[in-house]
Amino acid sequence: MQATLKASDTALKIYTTGLRNQHAVENQAIELLERQIGRLGDYPAMRERMQQHLEESREQARRIDELLAALDTSASTIKDTAMSFVGNLAEMMHAPASDEVVKNSLANYAFEHYEIAGYRALLALAEEFQHGSAVRLLTQSLREEEAMAQWIDQHLKQTMLTFVQRSEQKVGA
């Protein structure tokens, strides 16, 4: 038997907190993407796809802002700042590594799935509350995250092979 929720104060608070959390995650994604894109000169297809996803992530954060405004609230500056810090810290750990593109590919794949899970959780609440505009906006963001995760998955083998080839060229030089 499936429980039916009403938009009680508690449920609305949980939903609002989830939106704020997802906004912070999108800000982290933006920070990560901005830092990685500049160092992908040897991987032009990845750079191009990540640039596209950067724009999608900015739009996703804007959509969440719109949903929060409809609830007469806004994103959490503290959460946004904390998540940006975590993203910058993770990126700084990968940047000096000779296998940065490999580490980032694996981390990005995992991060996309984290975002997917967040959007699915928010959608569950938005659907239950019959919050139609939120369902549409959250579904659009979910589809973009799923497409990015799929792109990373489909290109992981080629990324690895390109990395090995370039590494061998450096050793032979």
N/O donor-acceptor pair under 3.5 Å between His155 side chain and Trp151 backbone: yes
State the CD1-CG distance between Ile152 and Leu106, to the nearest 0.5 angstrom. 9.5 Å
Minimal heavy-atom distance between Leu138 and Tyr15, with the atoms involved, is CD1-OH, 4.1 Å
If I take atom CD from residue Glu26 and atom CD from residue Glu31, how far apart are they, to the nearest 0.5 angstrom? 12.5 Å
Looking only at heavy atoms, the pair that brings Ala147 and Arg49 closest together is C-NH2, 3.8 Å
For Val135 and Thr139 the tightest heavy-atom approach is O-OG1, 2.7 Å
If you compare all heavy atoms of Ser105 against all heavy atoms of Leu156, which two are closest, and at what distance to 0.1 Å? CB-CD1, 3.9 Å
Heavy-atom distance under 4.5 Å between the side chains of His113 and Glu145, does that happen here? no
Go through the steps to decide whether Leu123 and Leu142 satisfy the test side chain to side chain contact (heavy atoms under 4.5 Å, CB included), and finish with yes or no. CA-CA 9 Å; Leu123 269 166; Leu142 172 62; 3.6 Å; yes
So, Glu56 versus His53: side-chain donor-acceptor pair below 3.5 Å or not? yes
We want to know whether Arg20 and Thr73 form a side-chain donor-acceptor pair, criterion being a heavy-atom distance below 3.5 angstrom. yes
Please report the shortest heavy-atom distance between Gln22 and Gly118, naming the atom on each side. OE1-CA, 3.4 Å
Side chains of Met46 and Ile37: does their closest heavy-atom pair fall under 4.5 Å? no
What distance separates Ile30 CD1 from Leu33 CG, expressed to the nearest 0.5 Å? 8.0 Å
Spatial distance of atom CZ (Phe111) from atom CG (Leu32) [nearest 0.5 Å]: 5.5 Å
Taking atom CG of Leu19 and atom CD1 of Ile14, what is their separation to the nearest 0.5 Å? 12.5 Å
Quick one, Glu59 with Arg62, criterion salt bridge (Lys or Arg N to Asp or Glu O under 4.0 Å). Give me CA distance, side-chain angles, the key distance, then yes/no. CA-CA 5 Å; Glu59 182 60 21; Arg62 190 207 58 76; 2.6 Å; yes
Step by step, would you call Arg120 with Glu127 a salt bridge (Lys or Arg N to Asp or Glu O under 4.0 Å)? CA-CA 10 Å; Arg120 286 185 179 161; Glu127 288 169 350; over 6 Å; no
Okay, side chain of Arg47, backbone of Leu40: is any donor-acceptor separation there less than 3.5 Å? yes
Is a donor on one side and an acceptor on the other found under 3.5 Å between the side chain of Arg39 and the backbone of Arg35? yes
Working to the nearest 0.5 Å, report the span between OH of Tyr109 and CD of Gln150. 9.5 Å
May I have the step-by-step check of side chain to side chain contact (heavy atoms under 4.5 Å, CB included) for Gln60 and Arg63, ending in yes or no? CA-CA 5 Å; Gln60 291 164 4; Arg63 287 181 202 131; 3.5 Å; yes
Is a donor from one side chain sitting under 3.5 angstrom from an acceptor on the other, for Gln158 and Thr162? yes
Are any non-hydrogen side-chain atoms of Met50 and Met148 less than 4.5 angstrom apart? yes
Output yes when a side-chain donor or acceptor of Asp153 lies under 3.5 Å from a complementary backbone atom of Ala149, and no otherwise. no
How far apart are the C-alpha atoms of Arg166 and Tyr43, what are their side-chain angles, what is the distance that settles it, and do they pass the side chain to side chain contact (heavy atoms under 4.5 Å, CB included) test? CA-CA 11 Å; Arg166 293 205 167 112; Tyr43 301 85; 3.9 Å; yes
Go through the steps to decide whether Val101 and Asp42 satisfy the test side chain to side chain contact (heavy atoms under 4.5 Å, CB included), and finish with yes or no. CA-CA 10 Å; Val101 71; Asp42 290 340; over 6 Å; no
Given the rule that I, L, V, M, F, W and Y join up when any side-chain heavy atoms are under 4.5 Å apart, are Leu67 and Leu71 in one cluster? yes
